[in-house]
Amino acid sequence: MSTANYIIPKTQKAAVVPSVGGTLEIRDNHPVRQPKDLAPGECLVKLECTGVCHTDLHAALNDWPVPAKTPLIGGHEGVGIVVAIGEHTQASPVKLGDRVGIKWLAYSCLDCEPCRKGLEQVCDHGEYSGFTVDGTFSQYVVSWTSHVTPIPKGIESTEAASILCAGLTVYRAIKYSNAKIGDWIILPGAGGGLGHLAVQYAAAMGLRVLAVDTGSEKRDLVLKLGAEKWIDFKETKNLVADIKAATGGAGPHAAVVTAANSAAFEEAVDYLRPGGTLMVVGLPGHGKLTADIFFTVTKSISILGSYVGNRQDAREALDIAARGKVKCFYTVKPLSALQETYEGLAKGTVVGRVVLNMQD
């Protein structure tokens, strides 16, 4: 194995969910995988920081149809330094000392049909950080050299963290939404962690942004970030009519729905203009996508599921952010604040993102 002069401790601080539905525990003595125990192709990353995502809350609560492993260290938006690489690793694309990101997709085989078609995120043999393998709510994390993402210069680690999942997810959804320069795109949940990044990516791609959310703080944020129009869903008397009016009468060309409730998806078929595209992104714990079949057909509506992104999407999303086109609105907290962050996410009161400092 390759470690250069890095001193790897035997134990670390980590946030562990010990059992299904169990209470989050902050432990100071969690073991660190030692360099000699890394398999070929694996690397050990010393984390500087990690973002907190709504997915982490679902994993901790175990409320998805697919169960997470337990005990579990959640987290999948980590940024840190490669401090060890497994012995006999062939042609590693990263080297010791590189700053890299740990994403939701921790590993894909690169050889199954989905991988060969660029859909690595639905690999037949995929592993997922903070879900099927331990994630980034720890000071050290094991990942794979072929899948950690190099972090470009020009972007702080705390900002890059949220781009690795929230930014990547909305960037890919907008990229494949069929929206062209000058088209209207609607972003329900625009003031949230994914939404406020989607506003900026959409604006940078030449789209006209209609932001939907609630509250003056979120309104001020999204208008500052590039949204052209705003609708407060709690104040409107007729959301579909107001959306159509705000977009010239016909409705938006595309909708990227990052909300975690099924109602936000159902309304999209009603307000999208003919030929419009609904990008299904948010992941409610349990929810059905119900769309009026008659109008889905007669309006030629496309409904596409968009799941995080592949390695190329991640590099593109980071590059756009590193060039100053996208800025993440975030607050930095210690790992001990993870439980209260989960509570804020559950209530929908978190504006922007929360990033945990893993060096404290």
Side-chain angles (χ1 to χ4, degrees), residues 1-19 24-51 56 59 68-112 115 120 123-151 157 160-161 164-165 311 314 334-335 338 356-360:
M1 65 289 190
S2 180
T3 60
N5 297 317
Y6 294 107
I7 298 171
I8 312 299
K10 293 289 193 291
T11 60
Q12 62 180 324
K13 186 184 295 184
V16 182
V17 178
S19 59
L24 190 71
E25 298 177 2
I26 307 296
R27 299 178 181 174
D28 291 319
N29 59 349
H30 193 78
V32 177
R33 179 101 67 88
Q34 294 300 295
K36 64 181 176 59
D37 299 321
L38 295 175
E42 290 183 337
C43 59
L44 183 67
V45 178
K46 181 181 181 181
L47 289 173
E48 297 176 27
C49 59
T50 180
D56 299 316
K69 84 174 194 74
T70 53
L72 176 71
I73 297 175
H76 56 270
E77 295 182 352
V79 178
I81 303 298
V82 177
V83 293
I85 294 174
E87 195 171 3
H88 304 303
T89 294
Q90 298 286 317
S92 173
V94 294
K95 62 184 186 303
L96 295 178
D98 282 358
R99 187 171 62 140
V100 299
I102 311 290
K103 308 182 298 300
W104 172 247
L105 179 64
Y107 171 83
S108 65
C109 73
L110 303 179
D111 194 50
C112 64
C115 281
E120 300 159 14
C123 171
D124 294 340
H125 310 285
E127 298 285 1
Y128 301 95
S129 302
F131 198 77
T132 64
V133 295
D134 282 338
T136 57
F137 295 151
S138 58
Q139 292 176 307
Y140 288 81
V141 63
V142 175
S143 197
W144 283 263
T145 60
S146 59
H147 280 80
V148 293
T149 301
I151 305 297
S157 295
L164 288 164
C165 181
R311 293 173 302 158
L335 181 62
L338 181 57
L356 306 177
N357 179 355
M358 298 307 298
Q359 294 299 299
D360 287 351

Working to the nearest 0.5 Å, report the span between OG of Ser143 and CD of Glu127. 10.5 Å
Backbone N or O of Tyr107 within a donor-acceptor pair of the Glu120 side chain at under 3.5 Å? no
Ile102 CD1 to Leu164 CG distance, which is reported to the nearest 0.5 Å: 8.5 Å
Does Glu48 reach the main-chain N or O of Lys46 with its side chain, forming a donor-acceptor pair under 3.5 Å? no
Where Val32 and Pro9 come nearest, the two heavy atoms and their spacing: CB-O, 3.4 Å
Tightest non-hydrogen contact, residues Gly135 and Val141, listed as O-CG2, 3.4 Å
Out of curiosity, Met358 CE to Leu335 CG, how far, rounded to the nearest 0.5 Å? 4.5 Å
Between Gln12 and Leu47, is any pair of side-chain heavy atoms under 4.5 Å apart? no
Lys95 and Val82: side-chain contact (heavy atoms from CB on, under 4.5 Å), yes or no, with the steps? CA-CA 7 Å; Lys95 62 184 186 303; Val82 177; over 6 Å; no
Test side-chain contact (heavy atoms from CB on, under 4.5 Å) on Ile81 and Arg99; report intermediate values, then the result. CA-CA 5 Å; Ile81 303 298; Arg99 187 171 62 140; 3.9 Å; yes
Is Glu42 salt-bridged to Arg33, cutoff N-O under 4.0 Å? yes
Please report the shortest heavy-atom distance between Ile8 and Pro35, naming the atom on each side. CG1-CG, 3.8 Å
Closest contact, heavy atoms only, Ala15 versus Ile26: CB-CD1, 3.6 Å
Testing Pro93, Cys43, Ser108 one by one against His147 for a side chain to side chain contact (heavy atoms under 4.5 Å, CB included), which residue passes? Ser108
side-chain contact (heavy atoms from CB on, under 4.5 Å), that's the test. Do Tyr140 and Val83 meet it? Break it down for me. CA-CA 9 Å; Tyr140 288 81; Val83 293; 4.2 Å; yes
Indicate yes or no for a side-chain donor-acceptor contact from Gln139 to the backbone of Lys13 under 3.5 Å, with no hydrogens or angles considered. yes
Looking at side-chain heavy atoms only, is the closest gap between Glu87 and Lys36 below 4.5 Å? no
Minimum-distance pair of heavy atoms, taken over all atoms of Ala160 and Ile151: CB-CG2, 3.9 Å
Using side-chain contact (heavy atoms from CB on, under 4.5 Å), reason through Val142 and Asp134 one step at a time and then give a plain yes or no. CA-CA 8 Å; Val142 175; Asp134 282 338; over 6 Å; no
Roughly how far, to the nearest 0.5 Å, is CG of Asp56 from CZ of Phe137? 4.0 Å
Taking side chain as C-beta onward, heavy atoms only, is Pro18 less than 4.5 Å from Arg27? yes
Taking C-beta and beyond as the side chain, do Tyr6 and Leu44 meet within less than 4.5 Å on heavy atoms? no
With Thr149, which residues qualify under side-chain hydrogen bond (donor to acceptor under 3.5 Å, both in side chains), at least two apart? Lys103
Minimal non-hydrogen separation, Ala161 against Gly51, with atom names: CB-N, 3.8 Å
Is the backbone N or O of Pro71 less than 3.5 Å from a side-chain atom of Lys69, with the two atoms forming a donor-acceptor pair by type? yes
For the side chain of Glu77 and the backbone of Trp104, is there at least one donor-acceptor N/O pair under 3.5 Å apart? no
With a 4.5 Å cut-off on side-chain heavy atoms, are Leu105 and Tyr128 touching? yes
To the nearest 0.5 angstrom, please state how far the CG atom of Leu356 sits from the CG atom of Leu338. 6.0 Å
